[in-house]
Visitor: 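Before anything else, here's the structure in question.
Just so you know, residue 1 is the first one in the sequence shown, and it goes up from there.
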Amino acid sequence: MKPRPSKRVAFAPTPSIKDERHEREGLVLNEAAMETRQQQTTFTTCSFTFWNELVIWCSIIFYVADLCLDLWVCAAHFDAKKPKSGWFIFFCILLPNLYAGYKSLQWYLRAHELSPLRRPSVWIIRTLFFPISPILRYLDAWKYGRQARKHWKNHNLMLERKSFENYLVENAEVALLRLVIIFLEDAPIVVLNLAQLLQTPPDQWAKISEGRPDPEIVRLGSVIAKLSCTMTLGVVHYMSCNKLAWHLANTQNKKTQESDNSSTKDEWESKGRLSWAAELSIYCWQLLAITSRVIAYALFWVVHFNLLWIPILVRWTIHTLWIYFDVAEMSLINSIAFGGVYLFSFVTTSPGRQILRITLYYIITFGEHIIIAIFWYYGAPSNYFHNYGIGVMFGGTVGGMLFLAVYYGCFHPDKDSIWLRQKLADMQQRLREAKERQEHHSSVHIGMP
């Protein structure tokens with residue numbers, strides 16, 4: 001049977017109560033050792049920066065605004081006498097948020113097994129916020145971050161470190177929930193809007209109609225905003241948070257009670273924290289890749305709407321089984337959720353080398369794009385976007401792969417351990433050794449009478 005999923009970080013095994021007690025005991029140092037360590041440590045900057053705090057509040061604003069926008073679009077479809085698309089958008093909003101609420105409450109219950117909560121009001125609030133659970137998670141992350149800053153001001157390194165670790169895992173969890181909501185809520189709505197745009201020639205779009213924006217312009221603006229902000233930034237945030245949380249968990253497993261806390265912190269921060277260049281390359285990679293996937297399903301929607309469920313169901317099933325058997329700690333319901341995410345984007349679901357997973361993912365993607373391109377080419381020859389659709393679909397995939405190579409080749413925080421770099425380093429080492437042996441043999445022959 002699969003191991004039980006974590007009460008905290010999504011893909012790490014759940015610690016036992018004994019392990020949790022040992023962890024707490026290991027964090028409690030005597031006053032003399034604490035004072036010695038604090039005297040040796042220079043408190044230059046707090047781990048929880050004002051930028052981290054700004055990101056949390058912006059994430060809350062984006063989440064609320066995105067939810068309100070989707071509800072407004074759903075109501076607009078019902079007002080326009082389009083009940084089918086209205087109900088489609090409604091269930092795209094409802095189901096992912098219910099899943100996020102279920103996972104959030106499940107994590108709260110597992111955390112309660114180790115650290116019981118005495119206040120009933122906490123559970124009442126968590127139950128009331130069940131459909132919009134990411135808001136509570138963002139506030140919890142903000143609370144831990146503020147605690148870390150408070151301990152930093154009091155020059156209490158150990159408590160500051162512990163509070164910041166809680167902030168990291170809380171941030172990683174909400175990033176995971178937000179990722180599922182983004183791709184199971186926003187992506188289908190973007191496909192719907194794109195399909196409607198593809199069916200309307202641009203010369204019929206009017207910028208202003210009786211003092212009100214034309215619906216096609218509103219749809220186009222919604223598609224651009226969701227692709228460039230909500231969806232792509234959500235993936236970047238998820239990858240950034242989980243990489244840092246995974247490296248933190250990895251260094252914690254290696255850490256002993258006698259180890260230097262500051263050196264351990266430097267290790268997981270240097271290998272887990274993404275630079276601005278790395279995040280920018282990930283953003284470009286995901287923006288192009290997600291755009292190509294959304295356009296692919298929009299093209300198929302236009303020509304064969306009644307058959308659209310076939311490629312979606314087949315690929316969703318493939319990715320669900322792949323994730324379920326590939327990631328040991330992944331439950332079936334989580335595999336189904338991430339199978340839906342994989343319809344539009346590749347994200348890491350476990351630490352370690354990703355080259356085989358990425359290669360397999362893009363082989364499947366290119367195969368599906370070729371099939372969709374054939375259906376589009378022969379199914380909509382008179383469409384205004386006939387050639388543009390195929391070009392953007394394949395161009396986005398290729399462009400995304402180029403930025404993917406740039407990220408892993410140049411800006412990955414642990415790029416020296418990349419498989420291709422290791423192979424090249426080994427090859428260069430063997431060439432140097434062969435050259436040295438050849439020079440040695442040549443010098444021996446020259447020295448012989």
Side-chain angles (χ1 to χ4, degrees), residues 58-101 128-135 177-234 290-291 293-309 312-313 340 343-344 379-380 383-385 389:
C58 289
S59 299
I60 294 176
I61 294 172
F62 273 120
Y63 172 73
V64 175
D66 187 55
L67 183 61
C68 293
L69 176 63
D70 289 340
L71 291 172
W72 177 74
V73 172
C74 179
H77 278 77
F78 280 113
D79 290 340
K81 308 301 181 182
K82 297 180 179 178
K84 291 184 178 181
S85 58
W87 284 112
F88 172 78
I89 295 174
F90 173 76
F91 282 107
C92 286
I93 299 171
L94 178 65
L95 296 180
N97 282 279
L98 289 180
Y99 168 80
L128 292 176
F129 278 77
F130 180 86
I132 49 176
S133 57
I135 293 180
L177 298 178
R178 191 75 180 98
L179 182 77
V180 174
I181 292 175
I182 284 171
F183 284 102
L184 299 186
E185 175 184 330
D186 289 345
I189 296 175
V190 172
V191 172
L192 170 63
N193 287 328
L194 264 180
Q196 293 174 343
L197 288 170
L198 291 173
Q199 292 171 324
T200 305
D203 55 4
Q204 298 182 14
W205 299 4
K207 293 184 178 180
I208 299 296
S209 178
E210 297 181 357
R212 300 172 58 186
D214 186 78
E216 307 303 330
I217 302 299
V218 174
R219 289 193 185 99
L220 181 61
S222 174
V223 168
I224 294 175
K226 284 184 176 293
L227 285 175
S228 60
C229 294
T230 307
M231 299 173 70
T232 308
L233 290 178
I290 295 170
T291 301
R293 297 294 302 137
V294 168
I295 288 177
Y297 287 127
L299 297 180
F300 200 91
W301 180 307
V302 173
V303 293
H304 292 291
F305 171 73
N306 293 331
L307 301 178
L308 180 61
W309 63 273
I312 291 178
L313 180 61
L343 290 174
F344 300 94
N383 191 284
Y384 179 85
F385 303 98

Visitor: By side chain to side chain contact (heavy atoms under 4.5 Å, CB included), which residues pair with W309, not counting sequence neighbours?
Guide: L313
Visitor: I need the minimum non-hydrogen distance between I182 and T230, along with the two atoms involved.
Guide: CD1-O, 3.3 Å
Visitor: Return a table of donor-acceptor pairs under 3.5 angstrom between the side chains of residues 71-88 and protein atoms on other chains or two or more places apart.
Guide:
{"from": "H77", "atom 1": "ND1", "to": "V73", "atom 2": "O", "distance (Å)": "2.9"}
{"from": "S85", "atom 1": "OG", "to": "K82", "atom 2": "O", "distance (Å)": "3.1"}

Visitor: Listed by chain and number, what are the side chain to side chain contact (heavy atoms under 4.5 Å, CB included) partners of T291, not counting sequence neighbours?
Guide: L227, L287, I295
Visitor: How far apart are the C-alpha atoms of F344 and V191, what are their side-chain angles, what is the distance that settles it, and do they pass the side-chain contact (heavy atoms from CB on, under 4.5 Å) test?
Guide: CA-CA 11 Å; F344 300 94; V191 172; 4.0 Å; yes
Visitor: Only pairs at least two apart or in different chains count here, so list each salt bridge (charged side-chain N to carboxylate O under 4.0 Å, His left out) that has a residue in residues 91-101.
Guide: none
Visitor: With I312, which residues qualify under side chain to side chain contact (heavy atoms under 4.5 Å, CB included), at least two apart?
Guide: Y297, L308, W316, L343
Visitor: Show me the pairs that pass salt bridge (charged side-chain N to carboxylate O under 4.0 Å, His left out) and involve residues 189-202, at least two apart or across chains.
Guide: none
Visitor: Nearest heavy-atom pair of L184 and G340: which atoms, and what distance?
Guide: CD2-CA, 3.8 Å
Visitor: Give the minimum heavy-atom separation between V303 and G379, together with the two atoms involved.
Guide: CG1-C, 3.8 Å
Visitor: Can you list the residues that meet the salt bridge (charged side-chain N to carboxylate O under 4.0 Å, His left out) rule with D66, with sequence neighbours excluded?
Guide: R178, K226
Visitor: For a 4.5 angstrom cut-off between non-hydrogen side-chain atoms, does F183 reach I290?
Guide: yes
Visitor: Give a yes or no on this: more than 12 heavy atoms of other residues, nucleotides or ligands lie within 6.0 Å of atom CZ of F130.
Guide: yes
Visitor: Below 3.5 Å, can you tabulate the donor-acceptor pairs from side chains in residues 91-101 to any protein atom, sequence neighbours excluded?
Guide:
{"from": "N97", "atom 1": "OD1", "to": "Y63", "atom 2": "OH", "distance (Å)": "3.0"}
{"from": "N97", "atom 1": "ND2", "to": "I93", "atom 2": "O", "distance (Å)": "2.7"}
{"from": "N97", "atom 1": "ND2", "to": "E185", "atom 2": "OE1", "distance (Å)": "3.0"}
{"from": "Y99", "atom 1": "OH", "to": "N334", "atom 2": "OD1", "distance (Å)": "2.7"}

Visitor: Enter the distance from D70:CG to S222:OG here, rounded to the nearest 0.5 Å.
Guide: 7.5 Å
Visitor: Closest approach of S228 and I224, non-hydrogen atoms and distance?
Guide: OG-O, 2.6 Å
Visitor: Supply the atom-to-atom distance N306 CG to W301 CH2, rounded to the nearest 0.5 angstrom.
Guide: 11.0 Å
Visitor: On a heavy-atom basis, which atom in P134 and which in I181 lie closest, and how many Å separate them?
Guide: CG-CD1, 3.7 Å
Visitor: Taking side-chain hydrogen bond (donor to acceptor under 3.5 Å, both in side chains) as the test, write out the residues that go with N383, two or more places apart.
Guide: none
Visitor: Return each pair, listed once, that meets salt bridge (charged side-chain N to carboxylate O under 4.0 Å, His left out) where at least one residue sits in residues 298-308; pairs must be two or more places apart or across chains.
Guide: none
Visitor: In Å and rounded to the nearest 0.5 Å, what is the NE2 to CG distance from H304 to L299?
Guide: 12.0 Å
